[in-house]
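The structure under discussion appears below in the form of C-alpha cells.
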Amino acid sequence: MRRFLTSTAVIALAFAGGTAVARADDAKEVQMLHWWTSGGEAAALNVLKEDLSKEGFAWKDVPVAGGGGDAAMTALKAMVAAGNYPTASQMLGYTVLDYAQAGVMGDLTETATKEGWDKSVPAALQKFSVYDGKWVAAPVNVHSVNWLWINKAVMDKIGGTEPKTFDELIALLDKAKAAGVIPLALGGQNWQEATMFDSIVLSTGGPEFYKKAFNDLDEESLKSDTMKTSFDNLAKIIKYVDPNFSGRDWNLATAMVIKGDALVQVMGDWAKGEFVAAKKTPDTDFLCYRFPGTNGSVIYNSDMFGMFDVPDDRKAAQVALATATLSKSFQSAFNVVKGSVPARTDVPDTDFDACGKKGIADLKAANEGGTLFGSLAQGYGAPPAVANAYKDVVSKFVHGQITTSDEAVAQLVQAIDDAR
Amino acid sequence: MSSVATSEPIITRGKATTVRAQLQNALPQIVLAPSFLITIIFVYGFIAWTAYLSFTNSKTFPSYALTGPRAYQRLWRWTFESDPPSSWYTSITNMAIFGFLYVGICLALGLFLAILLDQKIRGEGLLRPIFLYPMALSFIVTGVAWKWFLDPGLGLEQTLHQWGWTSFHFDWIKNKDFVIYTVVIAGVWQASGFVMAMFLAGLRGIDSEIMKAAQIDGATTLQLYRRIVIPMLRPVFLSAFIVLAHMAIKSYDLVVALTSGGPGGSAWLPSNFMYEYTFKRNEMAVGSASAIIMLMTISAIIVPYLYSELREKAR
C-alpha cells in the first residue's frame, strides 16, 4: 500500500513538472492547427515557418488531415471546449464568426491599425475577419473557386480550344471522351461536388442570381427555374466522370489531370499548388480558364488564421504570427506556392505565374465591380448548417439518390429552410 | 457497514491497530470511490447533459435555454415525412440492415466454425488464432484494408481483370444501394472469429456424458447438435448477441474508414449522423436528440436482457 501511494505521488509530481516545463516553452512557440497536409499546401506553409523562426519563434504543428477541414474543425472544437486554445487555427468564413460570438477569439485591432490592414484587405474579407469592430483573424489568401484546370498535352492531342460557354465545355468533354481520356476528374466527396456546382450556378444564372440564391438565400431564387436548369447542367457534366470517382480526395483528382489521365478538373485554385509542386508550368504544361460563363466574377473563399484569446505570455508569439502572415513578402511568397492570390490588394504580382497574375487581376476587378461572392460550398456563402444541407442535396443528386432537378430544387429549399 | 462490524474484535488490541484495521477494511471502498465518481459524472452525468441539450437550440456551442422538443420533431419528420429519404432515414434503415445481417451472419458463421473446430481436428491450436486474429485489428484498419480490397480500380475487380476475367464486376463500395453491404462484409470478417471463440468455449463446457448418452440412444450427429448442443449453448448465444448488438449500434469508425460515409452519405449509420450534426454542422441539439434515440435503442435491447438474467439468478 505504501509503495502504491509513493508511486502515485511520484507520477503526480512528474505530471506537474512536465506541465510546468511545457508552459515555459509555450511563450516562444506558435501552436497552429491546420489541415494543410497535401504536398503543395505543406510547402506553402513552410514559408511562414521559416519567417517565424527568423524571429525566434518555434512552430508547433497541429495538422489534421482531410481536404475540407472537417476533422480539423472537430479537433479545434474539442481544444477550445477544454480551454486549451491554440495560438491560431486555420478557419473558414462563418466558423470565425461563430467562435468570435462564443467569445474565445483574441483582439488584434492594435496590430491591425499599426499595419494598416483596414485599407489593404478587401471589404468582402473583412466581413469574416473583423467581429464587433475587433480584428479576430488574419486572412492569409483569397482563393477563387470558379476555375477549370486543363492538361495541355491532352488538350493539344484532342485539338480543343478554350470553352467560352457551358455548351462548348460539354463539346470539349465529348472530344476527350472520344479520344479515350477521362474527360472530367472529380472526387466524389460532397464538398468537391458542391464546389463544382457553385461554378455551374454562377455560369447558368449569372452574378445577380448567384448572389441572391447563395449569399442572400432568397427563397424565390432557390425555387426558380434557373436553379432547375443548374441542376440539369450538373446532371449533364457528371456523365463525364469515371465510374470510380466516389470518395476520391481532391488532390488525387488533380493528380489525374497532372498525369494526363484526365482532361479537366473543376476546382478552386488550390489545385494550382499541386501543379506547382509537381513542377508544372502554366501555359506549357497546364491551362487555367475561368469556368465558362463566369468571366468577370469571382466566387471566393479565404483561409484565415483565427487568433484565439491566449494568455498574455503567449500574446507576443501570436502578434508575431499575425504580422508575419499579413506582411507583403509573406503574402507574395506564400500565395505563389499555394496557388491562391494575396489577401491584401497592394501586393505586387511580379513573382506570380500567368494563372496567378490573372487571378490577382480578376480579384481586383471583381472587388471593384461588386462581383466578388462568397462560395456557399466553402462556407463563405452561409453558416455551416446551411452550407452542409446544400452539400447534402448536391451530393445526393450526383450519386443518384435524387433523380430529377425538380426534386433537387424542392429538397434544396426544404434543407436550407430546416437548417436556418 | 460491514467494515464496522468486522473491526470490533480488534479494538481491544489498542488504537493503532484499530485505525489500520478500519483502513484496511475500508480500502475497497476508498479505492473504488474515485472511479465510481468518475463513472457517475462522465457516463451518467453526460447522458443527462446530452438529454438536456437535446431540448435546447444549441448550435456550435451548447446553449442552456430550453426550447422544447424541436430537435425530436425534426427527427420525426425526417423519419416519416421526407421524400426522397433524409440522411436520418438512411441512417436508421442502414442500422436495421447492418444490425440484422451483422449479428445474424456473425452468430451463424461463428457457430458453424466453432462446431467444425470442435471435431478434434489436427492443428486446432493454429487455426483458432487465425480466425480470432481479425478481432485484434481496430475497425479503422479493417475499414482501410477492405476499402482497398473492394475498390474496383485497385482491388479485387482490377486484379481479376488483370488475370483475364474481364467481365467480372464488383463495385458495391461505389454503389449507393449496396455500399451498406460492404460494411457488413468487413464487420463480419472482423467479428465472426471472436464469436467462434465464444461458442468454442461453450461447446467445450458441455458435459460429454450427455453427448455419449444421446449417442447410445441412437441420435445422429445432426440431431445431437440440433436437439442437445445448440439449446445448451443458449447463454453463449445471448452473450454473443449482446456483444454484437452493441458493437453494431456504436460502429462509426468502420463506416468512416471503409466508405467515408458512402456515395452521397448512403452508408451513414446513426452514429455518423450524430457526429456529423453535432460537430460538423453545428446543430448540437439535433445531434444530441439522435444520440438519445440511439441510447434508447440500446436500452431496449440491454434492459430486457439484464432483467431476464437477474431474474434467473434470483430464482
Side-chain angles (χ1 to χ4, degrees), chain A residues 1 4 66 68-78 80-81 94-95 97-99 101-104 187-191 193 242-249 252 379 383-389 391-404 407-408 410-411 414-415 418-419, chain B residues 20 23-24 27 30-31 34 59-63 70 73-74 77-78 81-90 147 151-155 157-158 169 171-177 179 256-268 275-287:
Chain A
M1 181 66 202
F4 169 73
D70 291 329
M73 283 296 97
T74 313
L76 177 64
K77 198 179 284 184
V80 169
Y94 279 87
T95 325
L97 302 183
D98 270 355
Y99 278 85
Q101 205 170 15
V104 297
Q189 295 171 328
N190 63 5
W191 70 269
E193 295 149 359
D242 64 306
N244 202 12
F245 78 111
S246 166
R248 181 187 288 145
D249 282 325
L252 299 182
V386 172
N388 276 307
K391 285 188 236 170
D392 264 358
V393 175
V394 173
S395 190
K396 286 197 165 125
F397 186 79
V398 168
H399 292 281
Q401 279 104 315
I402 299 174
T403 46
T404 66
E407 216 174 86
Q411 281 285 302
Q414 172 76 61
D418 259 350
Chain B
R20 172 183 274 185
L23 212 71
Q24 237 159 25
L27 194 61
I30 294 172
V31 173
K59 294 260 176 196
T60 316
F61 297 99
S63 98
R70 280 183 24 208
Q73 282 164 0
R74 279 170 71 180
R77 187 154 49 77
W78 285 342
E81 290 167 28
S82 70
D83 179 59
S86 65
S87 307
W88 174 244
Y89 182 81
T90 312
K147 173 179 164 174
D151 190 305
L154 209 69
E157 185 176 312
Q158 178 74 4
H169 191 60
D171 67 344
W172 281 11
I173 199 162
K174 304 279 178 183
N175 185 320
K176 68 182 167 61
D177 297 320
V179 67
V256 171
L258 184 67
T259 68
S260 37
S266 53
W268 276 19
Y275 183 83
E276 282 269 334
Y277 272 75
T278 314
F279 298 111
K280 285 164 71 174
R281 307 195 168 196
N282 298 346
E283 301 225 42
M284 203 170 271
V286 178

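In what follows, every heavy atom counts, from backbone to side chain, and hydrogens, waters and symmetry copies are set aside. Naming: A, B, ... by sequence-line order, numbering from 1 per chain.
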Bottom line for A/Asp242: the part with an atom under 4.5 Å from chain B's heavy atoms is neither

Output for pair (B/Thr259 OG1, B/Lys176 NZ), nearest 0.5 Å, gives 15.0 Å

Okay, A/Ala81 and chain B: the region with an atom under 4.5 Å from a heavy atom over there is neither

From the list A/Pro383, A/Ala78, A/Ala385, A/Ala410, the residue making the most non-hydrogen contacts under 4.5 Å with chain B is A/Ala385

So CD of A/Gln401 and OG of B/Ser266: to nearest 0.5 Å the spacing works out to 5.0 Å

Whatever's closer than 4.5 Å to a heavy atom in chain B on A/Gln101 counts as neither

Nearest heavy-atom approach of A/Gln189 to A/Gly247 is NE2-O, 3.7 Å

inquiry  = Is a donor from one side chain sitting under 3.5 angstrom from an acceptor on the other, for B/Trp78 and A/Asp418?
reply    = yes

Q) Has B/Arg281 got its NZ or CZ under 6.0 Å from the middle of the six-membered ring of B/Tyr277, at an angle within 45 degrees of the ring axis? A) yes

So, the part of B/Thr278 with a heavy atom under 4.5 Å from chain A: the answer is backbone

Greatest number of non-hydrogen atom pairs under 4.5 angstrom with chain B, of A/Val398, A/Val386, A/Asp392, falls to A/Asp392

If one checks every heavy atom of B/Asp151 against chain A at 4.5 Å, the contacting part turns out to be side chain

If one checks every heavy atom of B/Lys280 against chain A at 4.5 Å, the contacting part turns out to be both

Whatever's closer than 4.5 Å to a heavy atom in chain A on B/Ser86 counts as backbone

Per-residue tally against chain B (heavy atom, under 4.5 Å) across A/Ser395, A/Ser246, A/Ala387 peaks at A/Ser246

For A/Thr403, the side chain to side chain contact (heavy atoms under 4.5 Å, CB included) test, sequence neighbours excluded, returns A/Glu407

Applying a strict 4.5 Å limit to non-hydrogen atoms, the region of B/Phe61 in contact with chain A is side chain

Applying ring-ring contact (aromatic ring centres under 6.0 Å, His included) to A/Tyr94 and not counting sequence neighbours gives A/Phe128

Smallest heavy-atom separation, A/Val80 atom then A/Val104 atom, equals CG1-CG1, 3.9 Å

Whatever's closer than 4.5 Å to a heavy atom in chain B on A/Asp98 counts as both

On a heavy-atom basis, the closest approach of A/Gly188 and A/His399 is O-NE2, 3.9 Å

Given A/Asn190, A/Thr74, A/Asn388, the one with more heavy-atom pairs under 4.5 angstrom with chain B than any other is A/Asn388

Max heavy-atom pairs within cutoff under 4.5 Å with chain A, candidates B/Arg74, B/Glu276, B/Lys147, goes to B/Arg74

